[in-house]
Protein chains: 2
Amino acid sequence: MILIHWRDNFTARQNDAAMNEKNIRAILRKANLRCTRGRVDVLQVLLESPDPTTHEDLHKKLQGTGINRVTVYRVLETLQKSGIVHRVEAGDRIWRFAVCGRMHPGHCHPHFICRQCGKIECLKEFPMPDMPSVAKDYTVEEQEMYLRGICPNCASKIKNLKCK
Amino acid sequence: MILIHWRDNFTARQNDAAMNEKNIRAILRKANLRCTRGRVDVLQVLLESPDPTTHEDLHKKLQGTGINRVTVYRVLETLQKSGIVHRVEAGDRIWRFAVCGRMHPGHCHPHFICRQCGKIECLKEFPMPDMPSVAKDYTVEEQEMYLRGICPNCASKIKNLKCK
DNA sequence: TGTTAATATGCAACAGAGTTGCATATGTAT
DNA sequence: ATACATATGCAACTCTGTTGCATATTAACA
Ligand SMILES: [Mn+2]
Ligand SMILES: [Mn+2]
Ligand SMILES: [Zn+2]
Ligand SMILES: [Zn+2]
């Protein structure tokens with residue numbers, strides 16, 4: 001199995017906010033995608049976002065451009081299938097999109113999800129455990145880890161409960 | 001952080017299929033839940049399921065009992081909040097439910113998700129990497145790991161593609 | 001720089017998993 | 001057996017995401 005760690009990719013891309021339209025078009029062309037207004041704009045916003053971003057957020061940020069709701073969905077699907085962005089579903093049934101391989105401070109670490117209140121916490125201080133090579137012919141581009149259980153807040157509430 | 005590995009729980013429960021109503025009622029009582037017909041039936045089906053199960057499947061299997069669709073949802077939410085079952089979302093926006101701590105052959109291992117075709121593959125031959133203790137006051141009951149990338153099938157299709 | 005064929009977009013209608021309000025039925029403590 | 005709290009059934013609803021189709025844009029090419 002080919003393991004491409006997120007740290008290996010896009011390392012030259014420090015000046016994220018300064019990523020200009022020409023660079024974005026280059027990314028699209030490299031993926032054999034037509035450079036349309038919507039794709040450039042959506043990708044621009046994603047490149048400037050520190051965390052994985054919902055469709056709703058993207059559409060809001062682009063409302064000045066007049067882009068249609070459905071187009072945002074279709075652009076995201078296209079970018080995802082081309083491997084430029086990827087989708088994350090963290091337990092609330094809402095997709096979040098992030099540029100692949102970028103160091104998203106809100107993303108590249110394990111997450112803890114409380115089964116009681118549903119809150120998601122970032123375990124930023126803990127590195128993703130390394131995954132051993134597992135099979136030929138599979139290209140691994142991203143890895144996610146979720147810990148599920150009870151958060152301290154809910155734990156104390158449960159302790160004070162006689163019955164339910 | 002308290003780490004409860006799935007192997008540590010429910011180890012005495014080998015005779016899964018034979019788990020009878022009395023035992024199921026005991027589980028509910030222990031969680032301070034009322035023993036209702038719906039809860040007993042839903043939990044029974046879950047205990048007999050080798051893999052995490054959708055609401056649709058559960059409702060189908062229980063259609064003989066006349067239980068209502070909404071009740072199944074509510075029972076699942078109750079069981080989940082009590083820590084008896086947990087929810088998994090594997091990328092198709094459909095919840096799957098599994099009894100916590102049981103060795104589900106379809107579940108307790110990393111999973112690979114192809115970003116092109118969306119297919120989910122079980123990496124059964126690879127153990128879940130151990131997670132270091134990460135923080136006080138958090139109770140970890142389950143852990144999930146997803147690898148995302150391109151499956152061999154899609155990789156060969158992409159290779160044969162000139163443009164898109 | 002036009003012309004053309006492929007493909008992306010806007011719009012409206014739709015899909016479908018899951019939720020909510022409320023009247024009624026059921027479980028459990030006494 | 002009674003009373004109270006809570007679980008259930010039913011219908012209507014939410015909300016994220018999809019689809020069909022007519023029109024607009026893109027990019028290759030003359
Ligand atoms: Mn995070
Ligand atoms: Mn599996
Ligand atoms: Zn919590
Ligand atoms: Zn695939």
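In what follows, chains carry the letters A, B, and so on, assigned in the order in which the sequence lines appear, proteins first and then strands, with residues in each chain numbered from 1.
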S.K.: Angle between the end axes of the helix from dT1(C)-dA30(D) to dT30(C)-dA1(D), five pairs per end, to the nearest 10 degrees?
M.R.: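 The helix from dT1(C)-dA30(D) to dT30(C)-dA1(D) shows an end-to-end axis angle of 40°.
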S.K.: dG17(D) phosphate, OP1 or OP2: any side-chain N/O from W95(A) under 4.0 angstrom?
M.R.: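 For W95(A), the contact criterion (side-chain N or O under 4.0 Å from OP1 or OP2 of dG17(D)) is met.
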S.K.: Where along residues 68-77 of chain A does a heavy atom fall under 4.0 Å from DNA chain D?
M.R.: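 Those residues are R69(A), V70(A), Y73(A), R74(A).
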S.K.: Write down the distance between CG (D92(B)) and C1' (dG18(C)), rounded to a whole number of angstrom.
M.R.: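 After rounding, the reported distance stands at 14 Å.
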S.K.: dT19(C) P sits how many Å from K81(B) NZ, rounded?
M.R.: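 It is 10 Å, rounded to the nearest whole Å.
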S.K.: Before giving the answer on side chain to side chain contact (heavy atoms under 4.5 Å, CB included), spell out for R25(A) and I27(A) the whole-Å C-alpha distance, their side-chain angles and the decisive distance to 0.1 Å.
M.R.: CA-CA 5 Å; R25(A) 284 174 183 271; I27(A) 294 172; over 6 Å; no
S.K.: Sort and list the pairs that fulfil salt bridge (Lys or Arg N to Asp or Glu O under 4.0 Å) and have at least one residue in residues 52-73 of chain A, not counting sequence neighbours.
M.R.: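 Sorted result for residues 52-73 of chain A: E56(A)-K60(A).
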S.K.: Would a 4.5 Å heavy-atom cut-off, applied to side chains only, mark V45(A) and T53(A) as touching?
M.R.: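 No, too far: nothing below the 4.5 Å cut-off.
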S.K.: Does a side-chain heavy-atom distance below 4.5 Å link F97(B) with P52(B)?
M.R.: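 No, their side chains stay 4.5 Å or more apart.
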S.K.: Among residues at least two apart in sequence or on other chains, which ones pass side-chain hydrogen bond (donor to acceptor under 3.5 Å, both in side chains) with R74(A)?
M.R.: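 Partners of R74(A) by the side-chain hydrogen bond (donor to acceptor under 3.5 Å, both in side chains) criterion come out as none, since no residue qualifies.
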S.K.: Do Y73(A) and H55(A) pass the ring-ring contact (aromatic ring centres under 6.0 Å, His included) test, and can you show the C-alpha distance, the side-chain angles, and the key distance before you say yes or no?
M.R.: CA-CA 7 Å; Y73(A) 275 116; H55(A) 169 274; 3.6 Å; yes
S.K.: Below 3.5 Å is the cut-off: list the nitrogen or oxygen pairs between protein and nucleotides 27-30 of chain C, distance only.
M.R.:
residue, atom, partner, partner atom, Å
dT28(C), OP1, C35(B), N, 2.8

S.K.: Could you tabulate the donor-acceptor pairs under 3.5 Å formed by side-chain atoms of residues 35-42 of chain B, not counting sequence neighbours?
M.R.:
residue, atom, partner, partner atom, Å
T36(B), OG1, R39(B), N, 3.3
R37(B), NE, D41(B), OD1, 3.4
R37(B), NE, D41(B), OD2, 3.4
R37(B), NH1, E21(B), OE2, 3.4
R37(B), NH2, E21(B), OE1, 3.4
R37(B), NH2, D41(B), OD1, 2.9
R39(B), NH1, R34(B), O, 3.1

S.K.: Taking the nucleotide of DNA chain D with the nearest heavy atom to each, does T65(B) or R93(B) sit closer to the 5' end?
M.R.: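 The residue mapped nearer the 5' terminus is T65(B).
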S.K.: Donor-acceptor pair, distance only, cut-off 3.5 Å: does the side chain of R87(A) make one with the backbone of W95(A)?
M.R.: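 No: the side chain of R87(A) does not pair with the backbone of W95(A).
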S.K.: For D57(B) and dG18(C), what is the distance between atoms CG and P respectively, to the nearest whole Å?
M.R.: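 It works out to 12 Å between those atoms.
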